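Only a predicted model underlies this, so the values are computations on that prediction, with no experimental measurement involved. First the proteins, then the strands, lettered A, B, ... as listed; each starts at 1.
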Amino acid sequence: MIRLRNVCKSYPSGDTELRVLKEVSLDVSEGEFVSIMGPSGSGKSTLMHIIGCLDVPTSGSYQFRNQHVGELSPVELARLRNQEIGFVFQNFHLLPRMSALRNVELPLVYAGERKDVRRARAMRLLSEVGLADRMHHLPNELSGGQKQRVAIARALANQPSLLLADEPTGALDTATGKDIMTLFQKLNENGMTIILITHDPHVASYATRVIRIVDGQIVDDQGRAGA
Amino acid sequence: MNIGEMLASAWDSLSANKLRAFLTMLGILIGVASIIAIVAIGQGGKSAIIDVIESQRAQQTVEILPKEVVQPGLPQPGQVLSFSDEDFFIARQFHGVADVSYTLSGQGNVAFRDKAVNTSIEGGPNDLNDLANFDVVTGRMFTSIDVLAHRRVGVVSHSLAQKLFGNDASAIGQVVKVGGQPVQVVGVAVSNQFNLLATFFGSDYLYMPATTCKDLFPWWNISEMDVLVTPGTDKADLARRIVTALNIHAHNADAFIDSSGFLVGIEKTVGTVTSILTLVIGAVAGIALIVGGVGVMNIMLVSVTERTEEIGIRMSLGATRAAILVQFLLESVMITVMGGAIGILLGISASWLIHWFTPLPSVVSWQAVVIGFFFSVVIGVLCGLYPANKASKLNPIDALRYE
């Protein structure tokens, strides 16, 4: 499903170049639950942004479902993010002025779905994450765990093939974090491919495969399916 | 992405910052309101002046004037300033002429006991009240017999009666001195039209029979011939034929003019002058619109910076650059359209208030309303384009990282 080959990413930093990713090669198959672990500054977030088509590699190639991402136009990239990839962020990234329901509807809006279809699907997703009675609340009226559930429901709105989570439990207490991880586990059991970024070994342990990244290089890859 | 959702989203963003949205639309609001109010006052003033001119043209009467009186130029040989008895004789010969009379006017002192008022004096036929647009409210109008008999009688305007006698009733029967000669007051007159000019140039009038006036002021020019036509006569044609005959008699092809043509000319001039004035002041108000537009652009730029994170989130959820562009453009257009709409209401109300509380008439023109609205949309698009484009060019990852 995901095939990264010799991916490098560098940013200009003063006179020198800051090399964040160095020759990263990685394959992820359908249905895997992968944790990417590493200390801060190791390049794991950059790797996730590249996988999520939010950022482009400086060199190297990236294939998503046999499509060369580097060859896609901005409109095609937006469509890929909309249809194939769901994002869950550490600080939720919900739009503060919209109700939970409208936040979940947003990807469907960009997909061009009709209003009744959007509403029905958003309601169903929110019920599935246990927020049937919180649909019309604004994000600041919800607890951290509830916000993250809304974010997960939103990420699932267009039935993506890949779920990307960047420290999804980072802003939550242990118990709530555990609930969220159980939710991820359930999604994975139903066939969802999940890539999760964390520096917490306990969180990483929910995954079936753990990749360690240090200084922009993969140093360890355990539990790879079929490997 | 459908338009209903976009409008809802734009509305949300604006209502999240109500005061800011209102202040931003204020410039557009004031600009549109002042354009509408100024054009309304301009149009109203124009139609009021034209009404006054129109009313000078009595229905059944043709007015003939010496051309030199209305379009003065350098003195020329053969120029005519006053009608002669022969001119009246010529005019009376035409078929379709019911009567011919003349009016003359000038300034003179009207004195009663120890009071004297410098007054506009008009001499005319017994239907002078129709020609000069006044009603006799106390006493009587002078009659045709008064005119024939050169009787020393006169009708004073209300304001003159107030100044000389204190009230209308005590004026009747009093004898005033006009140019040193006694004249008996038989009636008090009140103007029956709104006269813009009277507001500026007093309204002390003395109306007398034309014959009496000519006796008292023999040196005044008879500067107007009023031809009463019989019903069913082509006024314009009759006027042309009389003017031609009078010109032949005066041996001057340009001696006389029919006032209807002359008034049309004045109307055109008044129309042009007020239109230009309205346009100039309107353009000044238009500058307010431009300043308002700059304000909108400024706030939209701030808004794009503030909402960088939101833009990043939307992009991560699959918003295309076009969708982001349209979203911000819609917000700026929404601000200016709301400003424009409130401005239109305010401009119309201002015109009404001016109409009620001042003597200035005002007519709201639908063209000004349409133009005001059109410009508020155009300014919304023009001033929103740059910030919206800036928003759509953000790199999603930079936008997401922005704190």
**Student:** In terms of heavy-atom pairs under 4.5 Å, which option from B:A322, B:G312, B:S316, B:S13 contacts chain A the most?
**Tutor:** B:S316
**Student:** With rounding to the nearest 0.5 Å, note down the distance linking CG in A:N103 to NE2 in A:H93.
**Tutor:**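 If I round to the nearest 0.5 Å, the distance is 12.5 Å.
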**Student:** Might you point out which heavy atoms bring A:P39 and A:I213 nearest each other, and give the distance in Å?
**Tutor:** CD-O, 3.6 Å
**Student:** For A:P107, which atoms come within 4.5 Å of any heavy atom of chain B: side chain, backbone, both, or neither?
**Tutor:**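 For A:P107, the contact with chain B is made by backbone and side chain together.
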**Student:** Would you please say whether a donor-acceptor pair under 3.5 Å links the side chains of B:Q367 and B:Q43?
**Tutor:** no
**Student:** Check whether A:R114 gets within reach of chain B through its side chain, its backbone, both or neither, counting any heavy atom under 4.5 Å.
**Tutor:** neither
**Student:** Could you give all pairs that pass the salt bridge (charged side-chain N to carboxylate O under 4.0 Å, His left out) test and reach residues 132-151 of chain A, with sequence neighbours left out?
**Tutor:** A:R149-A:D179
**Student:** According to the ring-ring contact (aromatic ring centres under 6.0 Å, His included) rule, which pairs have a member within residues 322-374 of chain B, sequence neighbours left out?
**Tutor:** none
**Student:** Who passes salt bridge (Lys or Arg N to Asp or Glu O under 4.0 Å) against B:K390, sequence neighbours left out?
**Tutor:** none
**Student:** Taking A:K115 first and then A:E105, would you say they form a salt bridge - that is, a charged N and a carboxylate O separated by under 4.0 Å?
**Tutor:**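 So A:K115 does not pair with A:E105 through a salt bridge.
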**Student:** Anything in residues 14-30 of chain B with a heavy-atom distance to chain A below 4.5 Å? Please list those residues in order.
**Tutor:**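 Under the 4.5 Å heavy-atom cut-off, B:A16 qualify.
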